Protein chains: 2
Amino acid sequence: MLFDATTKDTFLNIFEGAPERSLKAGDMLVHAGAEAESVYNIVEGTLMVTRIGNDGRRQVMSFLFPDNFIGLTTDRYFFAVQAVTDARVVSRPRAVLESRLEEDAEAGKAFLNMVYRVLENSMDLVYSIGQRTAVERVAVFLLYLRNRQKVVLNVDDDAPVLSRINLPMSRQDIADFLGLKKETVSRSFTQLDERGHISRPDNSHAVIDDLAGLRKLAGIQDFSSPLRPGQSR
Amino acid sequence: MLFDATTKDTFLNIFEGAPERSLKAGDMLVHAGAEAESVYNIVEGTLMVTRIGNDGRRQVMSFLFPDNFIGLTTDRYFFAVQAVTDARVVSRPRAVLESRLEEDAEAGKAFLNMVYRVLENSMDLVYSIGQRTAVERVAVFLLYLRNRQKVVLNVDDDAPVLSRINLPMSRQDIADFLGLKKETVSRSFTQLDERGHISRPDNSHAVIDDLAGLRKLAGIQDFSSPLRPGQSR
DNA sequence: CGAGGTTTTGAGGCGAGTCAAGGCGTGTGG
DNA sequence: CCACACGCCTTGACTCGCCTCAAAACCTCG
């Protein structure tokens with residue numbers, strides 16, 4: 001597949017001086033089924049990985065942010081990657097990545113670690129969609145965005161900036177990510193607001209007023225903690 | 001995380017002559033949160049990867065079959081691995097795997113390809129749980145088991161053996177895998193039966209009578225085909 | 001043959017989906 | 001700069017699919 005990194009990994013130096021490409025919101029960077037000739041790294045903006053069924057049902061697999069890597073697949077892309085906001089990416093031929101990973105064992109290790117993190121994210125999503133209620137899923141989603149922002153800004157977990165959550169994607173996008181309908185996402189935001197967990201200055205922002213409460217709802221100690229879900233039955 | 005391979009990959013030769021361990025149905029091979037000292041390969045039997053929330057909700061992430069690899073994580077296991085049936089696995093210290101991947105670029109490539117396949121499987125599951133109805137999920141599940149069996153037996157897709165599906169796991173396990181309740185899984189089997197897609201000689205077997213119909217229900221041409229879901233909207 | 005567990009089936013409830021209307025924000029053209 | 005139009009978001013009323021709770025059927029194993 002294609003997907004996201006999260007930290008500055010050693011292998012990312014293949015993108016130094018790489019050609020840049022600008023995308024408008026809505027533009028497709030990668031089409032499902034296309035040959036995976038290039039790999040990308042995000043410089044600015046938000047993108048999303050989507051998979052669309054024969055009958056039109058769409059699942060958003062992941063949202064991607066600056067410094068996230070795109071290109072986790074063997075020879076063909078199985079999923080599409082689309083710009084959510086205007087964005088800039090840098091690209092390199094896949095072969096450049098591959099020879100880098102072959103030559104430098106350290107880079108190979110870092111790359112593998114990134115793939116593991118992507119796999120973790122995917123499993124987090126499986127757990128969310130499979131086990132949590134609508135409100136819980138939206139709560140987890142906000143914590144997920146908060147954590148991404150924390151990584152992008154490279155700040156402490158208690159940094160005040162993190163309480164203001166940017167929501168560049170539409171309600172429909174969120175719904176397709178969480179396995180809900182857009183109306184349900186909207187109602188869930190309203191509920192979190194009414195319960196005092198969040199407030200909503202405008203449609204593309206949410207402010208976390210009660211982090212502990214959100215985390216409790218999500219059944220999570222800390223989104224980036226090693227034992228996220230806990231292990232007792 | 002930890003997880004599964006699917007074919008005989010070059011890196012698997014680290015398990016040649018490795019010590020074997022026997023498991024009884026229900027035994028835990030790996031505990032969530034434990035240090036990942038060893039990696040495993042399945043010789044015989046069925047296992048499953050699970051994640052359990054604080055409140056007891058359980059998500060089965062994957063079922064594992066012979067020649068599937070267990071050990072996709074950095075330093076700690078985030079998930080548990082449990083035997084579904086009596087099983088035998090071989091194990092090696094993680095360090096052995098790591099040095100193998102470092103020394104042999106070919107093995108590293110094969111390993112990475114396996115991780116990609118695992119990631120694909122995980123995304124397939126996200127799509128199923130997020131977008132499909134109960135009956136569709138069970139239909140896809142049967143095709144998924146059929147495909148696994150095809151790989152294990154190394155036979156053609158139209159091999160008659162494949163029509164008889166072995167279901168070593170309980171209805172509860174299936175439910176926790178598909179994000180449903182066990183009663184719903186049961187009702188979905190009944191529906192597939194009534195519609196003439198399958199028959200059920202006993203509780204641990206299903207026979208596919210109408211492969212084309214199942215595939216249509218699942219919205220899939222072929223489970224192992226490159227463009228599984230299709231790409232039009 | 002009986003006990004315990006699992007699966008199936010049934011009846012009823014509830015959470016999320018559907019369909020539809022209204023509100024709000026944004027951007028464009030007058 | 002305002003007015004309007006359009007798209008997106010929210011809210012409401014109603015529906016439906018899956019869940020819950022419960023009982024009966026079945027299977028397994030002593």
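Because the structure is predicted, anything quoted here is derived from the model rather than measured. Below, chain A is the first sequence line, B the second, and so on; all start at residue 1.
Between the CD atom of Gln131(A) and the P atom of dG15(C) there is a distance of 17 Å, rounded to whole Å. In this structure, the CD atom of Gln172(A) is 13 Å from the C1' atom of dG17(C), given to the nearest Å. Rounded to whole Å, atom P of dT11(D) lies 7 Å from atom CD of Glu194(A). The distance from atom CD1 of Ile174(A) to atom C1' of dC9(D) is 11 Å, rounded to the nearest whole Å. Distance, Asp176(B) CG to dC19(D) P: 11 Å, rounded to whole Å. At whole-Å resolution of the value, CG in Leu180(A) and P in dC9(D) are 15 Å apart. Following rounding to the nearest Å, Arg171(B) (CZ) and dT9(C) (C1') show an atom-to-atom distance of 14 Å. If you measure from atom NZ of Lys181(B) to atom P of dG12(C), you get 22 Å, rounded to the nearest angstrom.
Checked against the 6.0 Å centroid threshold, Tyr144(A) and Phe177(A) count as a close aromatic pair.
For Thr184(A), taking side-chain heavy atoms from C-beta onward, the closest of the listed nucleotides dG17(C), dT10(D), dA22(D) is dG17(C). With dC19(D), dT9(C), dT7(C) as the choices, the nucleotide that has an atom nearest any side-chain atom of Thr190(B) turns out to be dT9(C). Comparing dT9(C), dT10(D), dA16(C) by their nearest atom to the side chain of Arg200(A) picks out dT10(D).
Taking only side-chain nitrogens and oxygens, Asn203(B) comes nearer than 4.0 Å to OP1 or OP2 of dT8(C). Applying the 4.0 Å criterion to OP1 and OP2 of dC8(D), one finds that Lys182(A) has every side-chain N and O outside that range.
If you find the closest nucleotide of DNA chain C to Asp202(A) and to Ser170(B), the one lying nearer the 5' end belongs to Ser170(B).
Residues meeting the side-chain hydrogen bond (donor to acceptor under 3.5 Å, both in side chains) test with Asp158(B), sequence neighbours left out: none.
Taking only distance into account, the side chain of Arg187(B) meets the base of dG10(C) through a donor-acceptor pair shorter than 3.5 Å. Side chain Glu183(A) to base dC19(C): a donor-acceptor pair is found below 3.5 Å.
For the pair Arg51(A) and Tyr127(B), the cation sits on the ring face: its NZ or CZ lies under 6.0 Å from the ring centre, inside 45° of the axis.
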Working note: Asp55(B) + Arg132(A), criterion salt bridge (charged side-chain N to carboxylate O under 4.0 Å, His left out); need CA distance, chi angles, decisive distance, verdict. CA-CA 11 Å; Asp55(B) 52 6; Arg132(A) 295 196 238 251; over 6 Å; no

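At a threshold of 4.0 Å, the pair Asp173(A)-Arg58(A) counts as salt-bridged, since one of the basic side-chain nitrogens sits closer than that to a carboxylate oxygen.
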